[in-house]
Structure formats: structure tokens, C-alpha cells
Number of protein chains: 2
Amino acid sequence: MVQVRKRLKMQATANDKILLAHGGGGQLSEDLIRQVILPRLGGHGGQALHDAATFQAGSQWVCMTTDSYVVKPLFFPGGDIGKLAVCGTLNDLAVSGAQPFALSLALIIEEGFPIASLERVVDSIGRTAAANGVQVITGDTKTVEAGSADGLFINTTGIGLKRPGVDLGFDRIAPGDKIILSGTIGDHGMTILSQREDIGFQSQMQSDCAALADLIGQCLESGSEGVRFMRDPTRGGLAATLNEVVRATGRSIEIQEELVPVNPTVKAAADMLGLDVFNVANEGKVVAVVSQDTADRCVDLCRRHPLGRQAAIIGQVKAAVQAPVVEMVTRIGGRRIVQMPYGRDLPRIC
Amino acid sequence: MVQVRKRLKMQATANDKILLAHGGGGQLSEDLIRQVILPRLGGHGGQALHDAATFQAGSQWVCMTTDSYVVKPLFFPGGDIGKLAVCGTLNDLAVSGAQPFALSLALIIEEGFPIASLERVVDSIGRTAAANGVQVITGDTKTVEAGSADGLFINTTGIGLKRPGVDLGFDRIAPGDKIILSGTIGDHGMTILSQREDIGFQSQMQSDCAALADLIGQCLESGSEGVRFMRDPTRGGLAATLNEVVRATGRSIEIQEELVPVNPTVKAAADMLGLDVFNVANEGKVVAVVSQDTADRCVDLCRRHPLGRQAAIIGQVKAAVQAPVVEMVTRIGGRRIVQMPYGRDLPRIC
């Protein structure tokens with residue numbers, strides 16, 4: 001009895017402070033949002049678990065999404081915090097079926113941060129926004145004392161107009177639907193990690209950081225009826241995205257390990273660090289759940305796009321026999337459950 | 001010559017890093033935004049110096065504004081970082097002539113931050129949003145390692161619908177227009193400072209942190225034609241707001257010191273610390289420039305509202321004789337120029 005009390009007390013102590021894992025995009029993140037944050041927002045935060053919220057302005061449906069970026073290091077192969085912030089926010093709008101058109105930009109800068117670095121980051125923001133046809137329309141700049149922040153944190157909030165005729169949502173997913181992945185997994189997270197830990201693979205990896213609005217727009221325009229749901233598998237990786245689908249729909253998902261594209265260097269680096277590449281963040285990939293008869297056309301379209309050359313159908317939605325799960329058929333023909341990541345693998349990857 | 005070179009080099013060294021003053025809302029903030037940030041956003045950031053940007057969604061004009069909050073301490077007499085974030089963002093929308101209706105909420109939380117404190121802050125956000133009829137519709141949570149941030153930083157981005165028939169802007173300001181201030185100045189900044197420095201006035205000061213949308217809405221509904229421009233005098237205080245008007249319009253402003261309401265304790269605390277209360281931040285006040293024939297009605301309306309009981313006409317717009325300036329007639333009948341604050345007085349007051 002004393003032991004039980006002690007254990008309970010230890011749990012309470014561990015749970016009364018924020019852990020890094022609370023920001024990991026896995027189970028602990030979801031618990032924090034569902035148990036601590038949403039109930040206090042008066043039932044108003046009902047959309048807050050989606051990538052973007054939707055509101056009506058006159059007759060027009062508008063999407064809004066927000067993300068803060070705390071990636072470390074600020075500059076990495078394939079991108080920087082500025083490009084990441086613009087791409088990440090645009091992708092959240094795109095997977096919600098919106099055409100992005102405006103961003104806000106809020107900077108929190110540590111005293112002593114080199115202005116030359118700030119210039120590089122803002123250059124990157126300007127370039128990425130322009131390349132994707134969006135404008136930075138409003139902003140904010142705050143400074144904090146040396147030691148009170150780590151260089152630079154960015155918030156971008158994005159606005160997009162809902163594409164007419166596009167209807168995406170968990171509720172449209174049905175057994176038989178195919179799961180499309182637009183390319184290799186794990187590149188972003190492993191690149192960031194390789195910059196922080198000396199694991200000897202640095203030169204061969206590059207973040208996949210990219211804005212997917214054009215690719216996604218093409219898929220939606222060609223067969224919007226058959227596209228049920230889309231999500232960019234960022235924090236928590238492919239495993240978190242597929243598990244969210246399973247939880248929200250009550251359906252199971254079966255994927256084939258051999259069909260999931262992975263850069264061999266990324267796989268080797270993940271294995272070496274004991275990480276599951278399915279849990280590692282991506283910043284330029286989309287998971288789409290589409291109807292059977294749309295799947296091939298959608299993959300073809302992706303493969304003709306520079307950002308989707310390795311797109312593949314990796315699995316399908318199934319009616320759940322018992323509890324709904326994400327199940328993977330391994331390369332050697334075995335089966336394993338792909339769990340929702342708990343959340344502590346990789347801090348500050350976005 | 002050697003001395004000159006050395007001095008130039010020292011300047012270069014001082015200018016190549018971010019200073020706390022870059023976030024102070026004064027001259028250095030403006031320089032950073034105008035010289036470093038806006039040119040890199042491809043001409044797209046043209047609206048970025050305003051409190052809010054406007055875009056068209058279908059036939060509806062929509063306002064958007066963003067602010068990050070890094071106030072220290074997180075809890076203070078009269079409010080906390082959560083209430084401050086909601087009020088500050090709603091006020092930026094309100095002074096832009098919009099009716100706020102939605103917010104995004106992005107949290108950056110330091111590892112080890114007490115969940116009980118997070119709960120207090122989110123409670124405050126929920127309560128303040130609900131009291132003002134706005135919904136938190138989307139959000140984001142990031143965590144960073146202990147030592148990489150100072151407890152909690154918040155970004156709120158707000159959306160409002162432009163009020164029909166309301167046209168506010170620097171270009172509508174004309175000589176003869178009156179300057180209305182909705183109440184006492186300096187309360188927020190001095191309260192925050194008193195919590196950080198032991199100046200012995202703590203118990204007698206309270207932040208004015210409040211959402212002004214209702215007060216502003218009443219003024220606009222009663223005489224929108226005569227209301228030319230509004231601004232909430234936050235960082236940089238009343239001095240920064242009036243100087244912005246002068247710079248943007250090329251008109252001068254004359255104010256009467258004795259007409260500007262100041263809480264005596266706030267004045268005494270500012271004097272003791274060598275601060276000019278005109279430069280100190282407010283978080284529940286509005287400065288309105290209104291036509292002569294609207295001014296009395298507008299002040300009356302403010303005074304009947306709980307948040308505007310001490311509203312007063314404090315001065316007027318004049319044609320500039322030489323360079324446009326903010327001039328103050330002092331209590332003893334002298335005259336002094338109210339300068340744009342340089343920016344280093346009070347870090348992290350919002």
C-alpha cells in the first residue's frame with residue numbers, strides 16, 4: 001500500500017510540469033491539448049486539433065492555421081527556420097483544402113542575435129512566400145534578454161480560401177480507401193538530429209522542407225471527389241498521422257512496409273540511434289486517403305510533380321475487426337502494430 | 001582619423017546584433033522593421049507597420065493582426081500573459097475598425113513549466129475570449145528545453161470583420177481634429193516594472209489590461225464619419241503613438257499636459273525611476289483622432305463606459321509650420337517637444 005502511494009505520488013510529480021515530450025506531437029501532446037487546453041477554451045476550441053480551422057467571412061469560407069517554430073539549429077541542409085515556417089503553415093492550409101494566400105509573421109528574438117542571421121532568415125521567408133504566391137501581410141517583433149530564448153522563435157499564421165467543391169474530413173474515410181504517401185519519410189527529422197549529434201551521416205541527408213500547395217492543388221483539381229482526407233505527417237511522423245486517422249474514424253489501416261519509401265541513409269541513421277523512422281518528422285510530405293478508383297490517377301499526378309516523384313500507395317483502410325489499429329505487414333511477411341508515438345523522440349525539430 | 005575609424009567600428013559592432021531596444025516599440029524597432037524586415041518581404045509587407053492588415057474574402061473585408069507576448073512576470077496585478085494576449089490582439093483589430101471574432105493561440109513552453117500555471121493562463125484566455133465574444137479556433141503547442149525560453153511565450157493572431165462604413169487611416173487626419181485619450185497613461189508598464197524592481201509602489205498600481213472592442217464599437221457606431229484614426233498606445237506609450245501620427249501625416253500635434261490623465265502613483269513611480277510616463281506602455285487605452293464636431297460626443301460616450309471614465313480631449317492636430325512635431329504645453333505654460341522614444345526603457349512589458 002505504501003508502495004502504491006509512493007508510485008502515485010511520483011506520477012503526480014512527473015505530471016505537474018511540462019515535459020519536452022508534451023511538444024512531441026504524440027500521445028502526451030494530445031493529452032495536454034485535450035485535458036489541459038481545450039476544456040478551458042469554453043468549448044470554442046473544438047477545431048483546435050485539426051491542422052486548420054474554418055470560418056465564414058460573408059459568403060466565403062476561410063481557413064486559418066497557426067504554428068510556432070523553435071527548430072534547432074536555425075539553419076540546416078535543405079532549409080532554415082524561415083523556409084520551414086512558411087512551408088509548414090502553407091502545408092497545413094493546403095491539406096485542409098484551402099488555397100493559401102496570406103501569412104502573418106511574428107518574431108521573438110534573443111538579445112545579441114546576429115542581425116546578419118536575421119536577414120538570412122527573413123530573406124528565406126520572403127523568397128519562400130513569393131515562390132508560393134502568398135504575401136506576408138502583418139507582423140510583430142519582440143525581443144527578450146540574452147538567455148531568455150534560444151536565438152529566434154517564429155510564429156506564422158496562415159490564411160487561405162477554401163477551394164470550392166472540396167470536402168475533406170475524417171468522416172469521409174471508408175473501408176477500401178487507399179493510403180497515398182507523396183515520398184520518403186524521416187528526412188527532415190533525421191537531418192535536424194544529425195546536425196545536433198555527431199552521427200557521421202550529415203553530408204548525405206537533407207531536409208525535405210517544401211511547400212506542397214501546388215502538388216496538393218493538382219490532386220484536388222483532378223479528382224477532388226475521391227480525395228477523402230489529407231495530412232502532412234510532421235511531428236510524430238507517419239505513425240502519428242495514421243494513428244490519428246484510426247482513432248478518429250474507428251477504422252483500421254494496413255500498410256506494407258516495403259511500399260513505404262525511405263532514403264537508405266535516413267533509415268541507417270535512424271536505426272543507429274534506435275529511432276523508428278515511422279515516428280520521425282517530415283516537412284515536405286503529404287498523406288492522402290483517397291477512394292480506390294482515384295488512387296492510381298492521384299499517384300500518377302504526384303509522380304509527375306517534382307515534390308512527389310516517389311509517391312506510392314502504401315496501404316488501405318479496413319473495417320476494424322476488434323479495436324482499430326494501424327497494422328504493418330513487414331518486409332519478411334510478419335505483422336506489427338504501428339503505435340502512436342508517445343512523444344519524446346525528437347525535441348525541437350520544427 | 002584612427003579615432004574616427006575606431007568609433008565607426010564600434011558602431012558597426014553595436015549595430016550587428018539585436019538589442020533589447022529593437023523590441024521596444026520606438027525608433028530602433030521601426031528601423032529594424034523598415035530596414036531589415038520589410039525590404040526582404042518583397043514589397044508584400046507594406047501593411048506590416050499597421051496594427052492590422054486587411055484582405056478581401058469574397059465580398060467581405062477581413063482584418064488580421066498578430067502579436068507575440070513575452071511579458072515578465074507572467075502574472076501581475078490586473079492581469080496575466082493570457083488576458084494580455086487576448087486583449088492586445090483584440091484591441092489591434094478594434095482600432096483598425098474591425099469587429100473581432102476569432103483567435104489562434106500558439107504556445108511556446110519551457111520544459112519544467114508548472115502545468116498549474118499553464119492552466120491558470122489558459123483559463124484566463126478562455127474567460128477573456130468568451131467575455132468578448134470571440135472564439136479560439138486553432139492552436140499550436142511547442143516545448144523547448146529548460147533554459148531555452150523563459151517559462152511561457154504566447155502568440156495570438158486575431159481575425160475580425162471590417163465594420164461597414166468605417167474608414168480609418170492616417171490620410172483622413174486634418175488640422176483642427178481633436179485627440180481623445182480614453183483614460184490614464186502608464187498603468188500597465190509601471191505595474192510590470194514594479195513587479196520586477198522593488199520600488200515600494202506595488203500594492204497601489206494595477207495594469208489597465210482590457211479589451212476595448214465594445215468601447216470602440218460604441219464610438220464608431222455613434223459617429224463613425226468623424227472618427228479619423230485610432231491606435232492603442234502600447235509599447236512606446238502615448239509618445240510613440242502621437243509621433244507615428246505626426247510622421248505619417250506631416251501634421252503637428254499639440255497636447256496639454258494638464259489634460260492627460262495620469263494616476264498619481266504611476267507618475268510618482270515613473271519619476272522615481274527617471275522614466276517619462278508618456279513613453280510607458282498601456283494595454284487598455286485608445287487614442288482617437290476625431291473631427292472637431294464629433295469630439296465632445298465621443299468623449300461623452302467613452303465616459304459612460306466602464307473602460308473610459310477618465311476619457312479626455314488632450315489636444316489637437318495642427319498644420320505644421322516647420323518640421324511636424326508633437327508639442328506639449330506643460331502645466332506651468334512652457335512648451336516641450338515629445339520625442340519618439342528610442343526604445344530601451346522597458347523590456348518585456350508585453
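Because the structure is predicted, anything quoted here is derived from the model rather than measured. What you see below is based on every heavy atom in this structure, not just the backbone, and it leaves out hydrogens, waters and symmetry mates. Every chain is numbered from 1, with letters handed out A, B, ... down the list of sequences.
- Taken to the nearest 0.5 Å, the CG atom of B:Asp67 stands 4.0 Å off from the CG atom of A:Asp140.
- Between the side chain of A:Asn155 and the main chain of B:Asn155, no donor-acceptor pair closer than 3.5 Å is present.
- In terms of heavy-atom pairs under 4.5 angstrom with chain B, the leader among A:Ile109, A:Val121, A:Ile108 is A:Ile108.
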Let's go through A:Lys17 and B:Glu111 carefully: what are the C-alpha distance in whole Å and the side-chain angles of both, what is the deciding distance for salt bridge (charged side-chain N to carboxylate O under 4.0 Å, His left out) to 0.1 Å, and is it a yes or a no? CA-CA 7 Å; A:Lys17 294 198 188 301; B:Glu111 181 187 19; over 6 Å; no
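- The closest side-chain heavy-atom distance from B:Thr141 to A:His22 is not below 4.5 Å.
- Note: A:Phe153 and B:Phe153 have tilted aromatic rings, judged against thresholds of 30 and 60 degrees for the angle between ring planes.
- Residues B:Leu20 and A:Glu145 approach most closely at CD2-N, 3.5 Å, considering heavy atoms.
- Interface remark: of the candidates B:Lys72, B:Glu119, B:Arg127, B:Glu119 forms the most heavy-atom pairs closer than 4.5 Å to chain A.
- Across all their heavy atoms, B:Leu41 and A:Leu105 have their closest contact at CD1-CD2, 4.3 Å.
- Residues B:Gln60 and A:Gln60 fail the side-chain proximity criterion, which asks for heavy atoms closer than 4.5 Å.
- Both the backbone and the side chain of B:Phe113 come within contact range of chain A, with heavy atoms under 4.5 Å apart.
- Contacts with chain A were tallied for B:Gly58, B:Ser68, B:Ala102, B:Gly147; B:Ser68 has the most, counting heavy-atom pairs under 4.5 Å.
- Taking every heavy atom of both residues into account, A:Thr143 and B:Val70 meet most closely at O-CG2, 4.2 Å.
- With a 4.5 angstrom heavy-atom cutoff, B:Leu161 touches chain A only via side-chain atoms.
- Cation-pi check for A:Lys142 over B:Tyr69 is met; the charged atom lies under 6.0 angstrom from the ring centroid and within 45 degrees of its normal.
- Closest heavy-atom contact between A:Ser148 and B:Arg348: OG-NH1, 3.4 Å.
- In terms of heavy-atom pairs under 4.5 Å with chain B, the best-connected choice from A:Gly112, A:Pro114, A:Ser117, A:Ala146 is A:Gly112.
- Of the listed residues B:Thr157, B:Ile37, B:Val36, B:Leu32, the one with more heavy-atom pairs under 4.5 angstrom with chain A than any other is B:Thr157.
- Interface summary for chain B: among A:Ile125, A:Leu118, A:Ile159, the most heavy-atom pairs under 4.5 angstrom belong to A:Ile159.
- Of the atoms belonging to B:Val62, it is side-chain heavy atoms, and not backbone ones, that fall under 4.5 Å from chain A.
- Contact record, B:Thr138 with A:Met64: CG2-O, 3.7 Å, taken as the closest heavy-atom pair.
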